[in-house]
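By convention in this document, chain letters (A, B, ...) are assigned in the order of the sequence lines, proteins followed by strands, and residues within each chain are numbered from 1.
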Number of protein chains: 2
Amino acid sequence: MSKGAEAGAGVVARRGRPARYSQDDLVAVVAQVFLERGYDATSMADLARASGLTKSTFYHHVSGKEQLLRLAVSRALDALDGVFEEEARLDDSPVHRLERVLRRTTEVLLAELPYVTLLLRLRGNTEVEREALERRRSVDARLAQLVQDARAAGQIRSDLEPRLVTRLLFGMVNSLVEWYRPDGSGASGVGHGSRDDEIVHAVVELALDGLHARRG
Amino acid sequence: MSKGAEAGAGVVARRGRPARYSQDDLVAVVAQVFLERGYDATSMADLARASGLTKSTFYHHVSGKEQLLRLAVSRALDALDGVFEEEARLDDSPVHRLERVLRRTTEVLLAELPYVTLLLRLRGNTEVEREALERRRSVDARLAQLVQDARAAGQIRSDLEPRLVTRLLFGMVNSLVEWYRPDGSGASGVGHGSRDDEIVHAVVELALDGLHARRG
DNA sequence: AAATCAATACCGAACGTTCGTTCGACAATA
DNA sequence: TATTGTCGAACGAACGTTCGGTATTGATTT
């Protein structure tokens with residue numbers, strides 16, 4: 001991400017044959033296939049077929065498999081960074097900040113599902129993956145800080161270790177990528193009936209108040 | 001693979017050179033490598049090297065990459081099935097059953113980490129994977145039933161959809177595989193300071209009572 | 001006790017396939 | 001004519017797997 005020159009919004013060919021596919025469109029298609037088959041198990045032939053192109057034509061539009069992964073996970077990381085940028089502009093009590101970040105992060109995850117899914121599945125096998133994982137760790141760290149602040153302010157329970165709580169909370173949020181499919185009929189056959197806002201509400205409620213029936 | 005005659009429990013050589021590696025030992029090594037590099041990204045050469053064997057010798061002891069995955073995820077599924085078998089022998093109120101299954105499932109996950117991790121990462125690309133996913137779905141279904149029962153008994157809150165709650169709860173538990181490493185210094189550089197019982201306690205507490213500071 | 005045998009552990013080399021990627025040529029447009 | 005989209009064919013590398021042969025052992029036979 002040192003040079004961000006390649007990804008304007010819609011790179012349109014100014015001469016020659018009109019471009020049928022923008023870079024972003026292709027990344028969207030690619031991410032979807034990665035999401036279904038897994039990155040390693042997806043071949044360039046798979047990606048080309050899903051884009052309606054031959055392998056060689058596909059290579060005319062993209063620079064390679066690893067760069068495609070890079071573009072996709074960068075989309076997720078940019079969106080997640082955005083959550084904390086919004087948050088920095090607001091002033092609120094620690095627990096309310098935590099709740100809002102929890103809510104917004106969940107919303108971003110649902111909105112950018114394929115990209116976030118790819119990000120969460122990285123194993124750090126290549127340099128591209130390791131760079132992305134480093135950016136992801138910085139997101140985690142900012143979240144852990146929010147938990148710490150809320151705890152220092154006495155607004156959340158203090159009998160559980162903050163780092164552990166942070167991991168469990170965002171583990172719950174991130175687990176959405178395992179079954180949520182934006183379309184009503186999931187391709188993996190899982191399927192669900194939850195609307196986005198219902199999911200976001202359940203996440204925040206469960207995280208803060210737990211599952212027990214309230215006394216009163 | 002049409003003939004599955006080769007795999008008894010502990011096939012011990014009755015003659016000739018003593019076997020230095022049992023099937024289970026090899027599966028343990030293999031699962032660890034799968035866990036670190038990811039199944040697809042792991043080559044048979046990687047597995048042989050981790051076992052201290054050449055590729056061809058390694059093939060003398062195992063039947064192939066896919067069968068290794070099968071053995072590994074079966075270990076996880078057997079352990080998870082065991083949790084529900086124990087549970088069936090006990091009689092208790094629904095919410096206590098749910099709490100104990102939550103606790104035992106977390107314990108099993110920590111104890112059988114590499115195997116459960118592999119199970120959770122399956123994408124269903126091959127027949128072996130699809131069979132394992134089907135067994136996994138039956139585990140999920142039994143868990144969902146427990147949530148339903150506790151809700152019907154009025155012991156957990158009824159304002160959240162049971163299927164959604166089930167998924168979020170076990171999403172939180174399953175997310176442990178993303179960072180937990182049994183050894184103090186994780187190979188992925190994550191590292192943590194939590195003991196197993198502390199983690200189990202936090203999971204159950206967070207799930208049932210939530211993060212909010214208790215009033216009183 | 002020595003020789004023999006069957007079974008197993010082990011290895012280097014190679015197989016056929018699939019992978020990501022490149023290349024040269026042709027078609028279409030400005 | 002310059003530029004871009006498209007394509008078939010091929011590249012070297014890496015993959016999972018197989019094979020022929022050798023080394024080492026325990027049991028059996030002499």
Side-chain angles (χ1 to χ4, degrees), chain A residues 6 8 10-27 29-31 33-34 37-72 123 125-129, chain B residues 1-8 10-27 29-31 33-34 37-72 123 125-129:
Chain A
E6 77 275 85
V11 177
V12 185
R14 286 162 308 185
R15 285 200 270 193
R17 249 196 183 190
R20 221 185 298 273
Y21 302 93
S22 75
Q23 182 106 300
D24 275 9
D25 289 341
L26 283 182
V27 171
V29 171
V30 162
V33 182
F34 281 164
R37 297 231 222 288
Y39 173 74
D40 287 305
T42 301
S43 72
M44 291 301 276
D46 291 332
L47 299 178
R49 193 181 316 115
S51 309
L53 303 173
T54 63
K55 252 205 304 181
S56 40
T57 302
F58 186 70
Y59 261 98
H60 183 76
H61 292 271
V62 304
S63 46
K65 193 182 178 185
E66 205 169 357
Q67 291 302 318
L68 282 171
L69 180 66
R70 194 173 127 96
L71 289 172
R123 302 301 312 152
N125 289 330
T126 68
E127 196 54 39
V128 166
E129 296 192 18
Chain B
M1 305 167 213
S2 50
K3 50 188 242 183
E6 77 277 88
V11 177
V12 183
R14 284 164 309 187
R15 284 201 270 194
R17 245 197 186 188
R20 219 185 299 275
Y21 302 93
S22 75
Q23 185 107 301
D24 275 10
D25 289 341
L26 283 181
V27 171
V29 171
V30 162
V33 181
F34 282 164
R37 298 234 221 289
Y39 173 74
D40 287 305
T42 301
S43 72
M44 291 301 275
D46 291 331
L47 298 179
R49 193 180 316 115
S51 309
L53 303 172
T54 63
K55 252 205 303 180
S56 39
T57 302
F58 187 70
Y59 261 97
H60 182 76
H61 293 270
V62 304
S63 48
K65 192 181 179 186
E66 205 169 356
Q67 291 302 319
L68 282 170
L69 180 67
R70 194 173 128 94
L71 289 172
R123 304 301 310 151
N125 289 330
T126 68
E127 196 54 39
V128 166
E129 296 192 18

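When all heavy atoms of B:Ala41 and A:Asn125 are compared, the closest pair comes out as CB-ND2, 3.6 Å. The two residues A:Val29 and A:Ser51 come nearest to each other via the heavy atoms CG1-OG, 3.8 Å. Scanning all heavy atoms of the two residues, the minimum distance from B:Val33 to B:Ala50 falls at CG2-CB, 3.6 Å.
Using a 4.5 Å cut-off on side-chain heavy atoms (C-beta onward), B:Phe58 and B:Leu68 make contact.
Between the side chain of A:Ser56 and the base of D:dG8, a donor-acceptor pair under 3.5 Å is found. In terms of polar N and O atoms assigned as donor or acceptor, the side chain of A:Lys65 never comes within less than 3.5 Å of the base of C:dT21 in a complementary pairing.
Between A:Tyr59 atom OH and C:dA25 atom C1' the separation is 20 Å, expressed in whole Å. Distance B:Phe58 CZ to C:dG12 P: 16 Å, rounded to the nearest Å.
Between the CZ atom in A:Arg70 and the CD atom in A:Glu129 there is a gap of 12.5 Å [rounded to 0.5 Å]. The distance from the CG atom of A:Asp40 to the CG atom of A:Leu69 is 9.0 Å, given to the nearest 0.5 Å. The line from CG of A:Leu71 to CD of A:Gln23 is 5.5 Å long, rounded to the nearest 0.5 Å.
Taking the ring axis of A:Tyr39 as reference, the NZ or CZ atom of A:Lys65 stays within 45° of it and closer than 6.0 Å to the ring centre.
Applying a 4.0 Å cut-off to non-hydrogen atoms, the residues of residues 38-54 of chain B that approach DNA chain D are B:Thr42, B:Ser43, B:Met44, listed by residue number.
Distances shown here put every side-chain N or O of B:His60 at or beyond 4.0 Å from the OP1 or OP2 atom of C:dC10. OP1 or OP2 of C:dC10 has at least one side-chain nitrogen or oxygen of B:His61 nearer than 4.0 Å.
In this structure, the helix from C:dA1-D:dT30 to C:dA30-D:dT1 shows an angle of 0° between the axis at its start and the axis at its end, each fitted on 5 base pairs and rounded to 10°.
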